[in-house]
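In what follows, a single structure is set out as structure tokens and then discussed.
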Amino acid sequence: MNKLSTSTLAALEEMLQNTARAAPADFMPIQLSQGSQGDQVIGYLNPEFIPYVRESLQANAIPLISIGNDRLNIHRGRPKEISASLYQLADKMRVAGYIQGWRNEDFAWLDHNGHQHFRLERSAFRTFGFRSMATHINGYTKSASLWLGRRSETKATDPGKLDNIAAGGISADETPWVCAIRELWEEAGVPAQIADQLEPVGRIHMRRPIPARGFHDEQLYIYDLELPDHFVPTNHDGEVSVFIEVSPAEAAARILADEFTSDAAFVTADYILRCNK
């Protein structure tokens, strides 16, 4: 791999130091009661949503959920009960126009021990600022080029932006590895005999406010995958409009020109820096 300029590498390193931002001061904390384990802030509510949530809960109470002056409370309950209550609130917010792009797909919220406390429609995770999980795969060739996908213009999030060769949210019943294999086939047509060569290389914690939508909090599980030089990605699910093969230097330039999704920019920058050590 050709060495990138010192200034470019420094810019990528500086960018990677800003992956996890604190929630803005006017966002309302969402607190989960865990009994003997204490209470934990697990999300944040956009101030634009607070009046509706407050009025909705005052008009029609929802089990295990209450709102105070300074926080939204999720009270202790079984995972199935918490899930049902959160779904009830999320559905009200969807009907009221506060949640866009409903997917009919569940994400799960896991504690630091890996225990699932609830599951909820994936599009609602950003609305409440709950921590979700995703996989991102750096697809590279022996000749040191990178394959990137350009997101479809019909995507609800970041249409037209550059992305990794494959990436996607980890559903409630998936592991990061299973998700990576699935996304590689659906988004890039990578067959199992190639995808099985995945190399897990790390994890990045992303946290940032999303204007008018909520707070993005996601653990990105990162994989590298060497692709045969003759392999050309082919999209199967309509989520990628085109694939391009670029040098690391061009990928870095496109990152710094803000052509990538935020998540893919960090994942690709991490790859470039690792390869230039």
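Test Arg208, Arg207, Arg126 against Asp217 for side chain to side chain donor-acceptor pair (under 3.5 Å) and you get one pass: Arg207. For the side-chain contact (heavy atoms from CB on, under 4.5 Å) test with Ile65, the passing option among Ile82, Ile30, Leu57 is Leu57; the others fail.
Linking Ile, Leu, Val, Met, Phe, Trp and Tyr residues whenever their side-chain heavy atoms come within less than 4.5 Å places Phe130 and Ile99 in a single cluster. Follow the hydrophobic side-chain contacts under 4.5 Å out from Phe128 and you never reach Ile210; the two are in separate clusters. Taken together through direct or relayed side-chain contacts under 4.5 Å among Ile, Leu, Val, Met, Phe, Trp and Tyr, Leu120 and Leu72 form part of one hydrophobic cluster.
Using a 4.0 Å cut-off between a side-chain N of Lys or Arg and a carboxylate O of Asp or Glu, Asp229 and Lys142 do not qualify as a salt bridge.
By the salt bridge (Lys or Arg N to Asp or Glu O under 4.0 Å) test, Glu239 pairs with Lys155, sequence neighbours left out.
Defined by atom type and a distance below 3.5 Å, a donor-acceptor pair is missing between the side-chain atoms of Asn73 and Ser33. Between the side chains of Thr268 and Arg254, no donor-acceptor pair is found at a separation under 3.5 Å. Of the N and O atoms on the side chains of Glu105 and Ser171, not one donor lies less than 3.5 Å from an acceptor on the other residue.
Under the 3.5 Å distance criterion, the side-chain polar atoms of Glu121 are matched with a main-chain donor or acceptor of Asn104.
Members clustered with Ile181: Leu110, Met133, Ile137, Trp147, Ile165, Ile170, Trp177, Leu184, Val190, Ile194, Leu198, Tyr221, Tyr223, Leu225, Leu227, Phe231, Val232, Val240, Phe243, by chain and number, using a 4.5 Å side-chain heavy-atom cutoff among hydrophobic residues.
Ring geometry for Trp109 against Phe118 counts as parallel: the plane angle stays under 30°, on a 0 to 90° scale with 60° as the upper cut.
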